[in-house]
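Encoded as structure tokens, the structure appears first; notes follow it.
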Amino acid sequence: MKKSGRYLNLSLGRAFALGLLTLGGILSFQNCGTYQAVTNPLYDREVLASCLGPTCVQDLNYLTMQIGNVDPILLTRTTEKSLDIGGFCDTAGFPDSKIYVEVKNGTTSVLAPYQSSAKCDSSGRFRVLIDLPTNYNYDLAHSIVLTFRAVDSKGNEYDHPTGVNRREIALLTAP
């Protein structure tokens, strides 16, 4: 009897140690740490005559956007019905912005340009959800065209003087 009690104490000790190790492992992955904010590469350049960002002098030469998605975007045949496109933007000091979306096949517009609900946020980021049209042909290569415009306090829209506020990304169907 003494012998079995000793083994019982030993297995309780092992169970306690194993439980303590498991608890330690779980607590080490609690995700309460802090993360560094994503920096906008459009703001990571030297400030020249004008500053950058929404609180600066209005200068359309700084109006730009950068798409963060990999080009081309590969779609899964007939299962993907929408796309999520995001990236970085600079409103060139204007108080508001608009993003227009168009889906094209070559020069033919499959989904006519429309104003999305997306805008450039205060951190210089944007995110656009694009629903593919019901007549989308997965056998053809398409492209998505995003046009980013600055908007002043009166609602007037502005493009970059050289048109660099327009970006295009290819859509291909994965085999």
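Other members of the hydrophobic cluster containing Leu172, listed by chain and number, are Leu74; membership follows side-chain contacts under 4.5 Å among ILVMFWY residues, whether direct or relayed.
A distance-only check finds no donor-acceptor pair linking the side chain of Arg167 to the backbone of Ile67 [under 3.5 Å]. Between the side chain of Asp59 and the backbone N or O of Ala92, no donor-acceptor pair lies under 3.5 Å. In this structure a side-chain-to-backbone donor-acceptor pair under 3.5 Å is present from Ser116 to Ile99.
To the nearest 0.5 Å, the span separating NE2 on His160 from OH on Tyr62 amounts to 9.5 Å. For the atom pair Phe126 CZ and Cys89 SG, the distance stands at 6.5 Å (nearest 0.5 Å). How far CD of Glu168 is from OG1 of Thr147: 9.5 Å, rounded to the nearest 0.5 Å. The CG atom of Leu129 lies 8.0 Å from the OG atom of Ser117; values are rounded to the nearest 0.5 Å. The OG1 atom of Thr173 lies 8.0 Å from the CG atom of Asn137; values are rounded to the nearest 0.5 Å.
In this structure the side chain of Ile73 never reaches within 4.5 angstrom of the side chain of Ile144, judged on heavy atoms. Proximity of Leu63 to Gln58: side-chain heavy atoms (C-beta onward) are nowhere separated by under 4.5 Å. By the 4.5 Å heavy-atom criterion applied to side chains, Arg77 and Asp139 are counted as neighbours. Side chains of Leu83 and Asn69 form no contact here, defined as non-hydrogen atoms less than 4.5 Å apart. Between Thr91 and Asp96 the shortest side-chain heavy-atom distance does not fall below 4.5 Å. With a 4.5 Å cut-off on side-chain heavy atoms, Leu60 and Phe94 count as touching.
Under the 4.5 Å side-chain contact rule for hydrophobic residues, Val145 and Ile130 do not share a cluster. With hydrophobic clusters built from ILVMFWY side chains whose heavy atoms lie under 4.5 angstrom apart, Leu75 shares a cluster with Val128.
Ile169 pairs with exactly one of Ile85, Val70, Leu146 by the side-chain contact (heavy atoms from CB on, under 4.5 Å) rule, that one being Ile85.
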Listed pairs under 3.5 Å, donor-acceptor, residues 106-115 side chains, sequence neighbours left out:
from, atom 1, to, atom 2, distance (Å)
Ser109, OG, Glu102, OE2, 3.1
Ser109, OG, Leu111, O, 3.3

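Of all heavy-atom pairs spanning Ser153 and Pro95, the tightest one is N-CG, 3.8 Å.
Listed by chain and number, the residues in a ring pair (Phe, Tyr, Trp, His ring centres under 6.0 Å) with Tyr136 are Tyr138, His142 (sequence neighbours excluded).
For the pair Asp159 and Arg149, the salt-bridge criterion is met [side-chain N within less than 4.0 Å of a carboxylate O].
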